[in-house]
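Here is how names work: the chains are called A, B, and so on, in the same order as the sequence lines, proteins then strands, and each is numbered from 1. Everything quoted here is computed from the prediction, not taken from an experiment.
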Amino acid sequence: MLDIKRIRENGEEVNELLKRKGDYDISKLMELDENRRKLISEVEEKKAEQNRVSKLIPVYKKEKKDVSEILAEMKTLSEEIKKSDDVLKSLEAEIKQILLELPNTPNPDVKIGKDDSDNDEIKKWGEPRQFDFEVKAHWDIGTDLGILDFERAAKITGARFSMFTGIGAKLERAIINFMLSVHTDEGKYTEVSTPFMVNRDSMTGTGQLPKFEDDAFKVIEDRDLFLIPTAEVPVTNLHRDEILDGSELPIYYTAYSPCFRKEAGSAGRDTRGLIRNHQFDKVEIVKFSHPDTSYDEHEKLTADAEKILQLLKLPYRVVELCTGDMTFSSAKTYDIEVWMPSYGRYVEISSCSNFEDYQARRANIRFRDKDTGKVNFVHTLNGSGLAVGRTFAAILENYQNADGSVNIPESLVHFMGGLEVIK
RNA sequence: GGAGAAGUACCCAAGUGGCUGAAGGGUCUGCACUCGAAAUGCAGUAGGUCGGCUAAACCGGCGCGAGGGUUCAAAUCCCUCCUUCUCCGCCA
């Protein structure tokens, strides 16, 4: 959520920044805000009067004075207050609604662009391997090895679901354990295991609601709960409505979770394999940072995600997203893309964002500054560290052999109980 | 699922309609006493948020789990919801 004061004072600037993300307009908002403040002054004056007189009434009563006239006046005043309060409330609801549907402003330094074709590659790591045989796609490799079973997943549930069997299931678990253990090494990130269903407030806190309700699986029946689209939601909301001790910042969390997404609007894209499913596993890394250091933290967080790929020796590149390709809540985003031989290109495997105070305002996550004693919003950041299904796919494809077998990356062998090849 | 009980500030806790921004403890901080500490005494320890163009000061509104309602006036009465606890049932 954007700061209404910032909009009030720097409307032009905010408007211009929002235009970089899409077609947004704040003129209506500014008008409503103006009306709101006018009304507040009026109502509060009346309330002050009411409070003043209310203190006198018991005194007069004790003095046996006749208060019936005052009571009648107060009744009128009370009715006026109630009426104005109702108007104020609906005005504030309207303002809130608009604010919730406005995206974050991009960091002014982020490149202005329309879509992913305008993104800049800022880093490349590793060399895509040259194959002297025809590469297979991961869904063929996995199916042939008997470690992936898409047909049965479709039978059990439906399209865009996957199933890992035997060594495949073990490899998935090994990937998760490997990632968590790297992130929690030396207590760097604190591991949390959260609920996988969250309430409406949590989904609103991180920015999925109200605008993107169609993308989320809702748990129907009598409960207003949603299956999490990412662990970002429960983990960021961990500190919702809290005032953190400034000396504890930055706070680092990592969490494994399954993720559930409707993938509305992506019909026909990535229909095969592990790339785009309704349910996938992910290890997420989340930070709560002091505003002054959030951009340093962003670089470090991205590096932490990259480290996983480096340890797995998977070639990747880092892309800085342009304003038009960034998500709703983000101020700046790096995507990490892993080399996927069957695609012949890099495929997103992690998205690392600095949300500045946008989510913190929505979720009301604050800290007390140890120097000034003042309360202020934290900055929140998160990134995939990494998407497990896509990592699984990347391993199969990059580590495949001519005979259809797959080598286990060195750093995973330990987590596979010493297994070096899947065949 | 059934039956009860409770939610007041950092913690414990008093408070059934009006000078209650909320008794009393504890905690912590400062000061005094002390060579120092303990003990003791004194003082402070709601914060947050919204508005008054901005900031400090100041003024005002809101605030006793959340949201409604009754009333001139609500922590206090009524309703709905949430959470926690106890007992029963069920269950990994």
Side-chain angles (χ1 to χ4, degrees), chain A residues 1-14 26 29-100 193-205 219 221-226 234 237-248 357 360-378:
Chain A
M1 201 157 63
L2 298 177
D3 183 5
I4 187 72
K5 278 187 198 149
R6 177 178 165 216
I7 293 172
R8 192 184 297 153
E9 286 154 24
N10 305 299
E12 277 298 306
E13 185 202 331
V14 172
I26 56 166
L29 185 64
M30 295 184 82
E31 189 189 317
L32 290 171
D33 177 54
E34 184 70 34
N35 293 342
R36 170 175 169 269
R37 281 185 301 150
K38 226 179 276 169
L39 194 54
I40 282 178
S41 298
E42 285 173 32
V43 179
E44 290 192 350
E45 215 169 287
K46 286 176 184 169
K47 283 184 179 171
E49 167 74 5
Q50 187 181 47
N51 288 342
R52 232 179 351 256
V53 178
S54 284
K55 277 187 183 162
L56 292 173
I57 289 174
V59 177
Y60 290 157
K61 276 186 170 172
K62 212 176 268 175
E63 293 170 359
K64 305 271 190 228
K65 281 188 189 163
D66 179 21
V67 292
S68 57
E69 200 174 309
I70 298 176
L71 253 42
E73 279 169 23
M74 284 300 101
K75 188 167 178 67
T76 315
L77 185 65
S78 166
E79 278 161 4
E80 280 174 29
I81 289 172
K82 192 169 288 175
K83 230 176 269 172
S84 306
D85 255 346
D86 286 345
V87 176
L88 190 60
K89 223 175 281 176
S90 69
L91 210 49
E92 284 178 340
E94 204 177 341
I95 289 169
K96 180 103 193 261
Q97 191 61 30
I98 293 175
L99 279 176
L100 284 176
S193 175
T194 70
F196 300 147
M197 292 185 213
V198 294
N199 59 29
R200 186 168 285 275
D201 284 345
S202 294
M203 288 287 274
T204 306
V219 180
E221 305 269 331
D222 53 343
R223 299 268 236 148
D224 199 23
L225 298 178
F226 300 83
N237 278 281
L238 216 140
H239 292 302
R240 172 152 50 85
D241 292 321
E242 290 183 19
I243 298 176
L244 303 166
D245 179 350
S247 63
E248 286 173 13
D357 65 0
R361 282 182 189 282
R362 288 178 158 250
N364 194 28
I365 307 166
R366 296 172 295 173
F367 72 102
R368 190 176 301 281
D369 198 294
K370 49 181 185 267
D371 298 325
T372 63
K374 291 267 189 194
V375 172
N376 196 5
F377 291 100
V378 299

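Smallest separation of non-hydrogen atoms from A:Arg36 and A:Leu88: O-CD1, 3.9 Å. Listed here is the closest heavy atom pair of A:Phe377 and A:Phe367: O-CE2, 3.4 Å. Scanning all heavy atoms of the two residues, the minimum distance from A:Ile57 to A:Val67 falls at O-CG1, 4.4 Å.
When rounded to the nearest whole Å, the span between CZ of A:Arg240 and C1' of B:G48 equals 18 Å. One atom, CD of A:Glu242, and another, C1' of B:A9, lie 17 Å apart when rounded to the nearest Å. Across the protein-nucleic acid pair, A:Lys61 atom NZ and B:G18 atom C1' stand 8 Å apart, rounded to whole Å. Taking atom CD1 on A:Ile57 and atom C1' on B:A74, their separation rounds to 14 Å, with Å as the unit. Atoms CG (A:Leu244) and P (B:G48) sit 15 Å apart, rounded to a whole Å. Rounded to an integer number of Å, the gap from CG of A:Asn376 to C1' of B:U49 is 14 Å. B:C50 atom C1' lies 13 Å from atom CG of A:Leu39, rounded to whole Å. Nucleotide B:G18 holds its C1' atom 14 Å from the CD atom of A:Glu63, rounded to whole Å.
In textbook terms, a nucleotide whose glycosidic angle is within 90° of 0 is syn, and B:G63 is one such case.
A:Asn51 is linked by a side chain to side chain contact (heavy atoms under 4.5 Å, CB included) to nothing, counting only residues two or more places apart in sequence or in another chain.
Comparing B:G26 with B:U84, their P atoms sit 32 Å apart, to the nearest whole Å. Taking atom P on both B:C64 and B:G4, the two are 27 Å apart, rounded to the nearest angstrom. Separating the C1' atom of B:A75 from that of B:G18 is a span of 13 Å, rounded to the nearest Å. The gap from the P atom of B:U49 to that of B:A56 amounts to 12 Å, rounded to the nearest Å. For the C1' atom pair drawn from B:C31 and B:U45, the interatomic distance equals 15 Å after rounding to whole Å. Separation of the P atoms belonging to B:C85 and B:C79 is 25 Å when rounded to the nearest angstrom. For the P atoms, the distance from B:G61 to B:A3 is 44 Å, rounded to whole Å. Taking the P atoms as reference points, B:A14 lies 25 Å from B:U83, given to the whole Å.
Between A:Leu238 and A:Ile365, the closest side-chain pair of non-hydrogen atoms is not below 4.5 Å. Between A:Lys46 and A:Gln50, the closest side-chain pair of non-hydrogen atoms is not below 4.5 Å.
Comparing A:Met74 and A:Arg368, the nucleotide of RNA chain B nearest to each residue sits closer to the 5' end for A:Arg368. Comparing A:Lys62 and A:Leu71 by the nucleotide of RNA chain B that holds the closest heavy atom to each, the one mapping nearer the 5' end is A:Lys62.
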Legend entry - Heavy-atom protein contacts under 4.0 Å, nucleotides 52-71 of chain B, coded B base, S sugar-phosphate only, - none: S---S---BBS-----S-S-
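A salt bridge between A:Arg37 and A:Glu34 is present, with a side-chain N of the basic residue lying under 4.0 Å from a carboxylate O of the acidic one. Salt bridge annotation for A:Glu44-A:Lys47: absent, with no cationic side-chain nitrogen under 4.0 angstrom from a carboxylate oxygen.
Here the CG-CD distance, from A:Asn35 to A:Glu94, works out to 9.5 Å after rounding to the nearest 0.5 Å. A:Ile98 contributes atom CD1, which lies 12.0 Å from atom CG of A:Leu2 (distance to the nearest 0.5 angstrom). Expressed to the nearest 0.5 Å, how far CD of A:Glu92 lies from CG of A:Asp85 amounts to 9.0 Å.
Counting only Watson-Crick or G-U wobble pairs whose defining distances are both under 3.5 Å, the stems of 3 or more consecutive pairs in RNA chain B are B:1-7 with B:82-88, B:10-12 with B:24-26, B:28-32 with B:40-44, B:48-52 with B:58-62, B:65-69 with B:77-81.
At the phosphate of B:G51, OP1 or OP2 sits under 4.0 Å from a side-chain N or O atom of A:Arg36.
A:Val43 comes within 4.0 angstrom of nothing in the nucleic acid, heavy atoms only.
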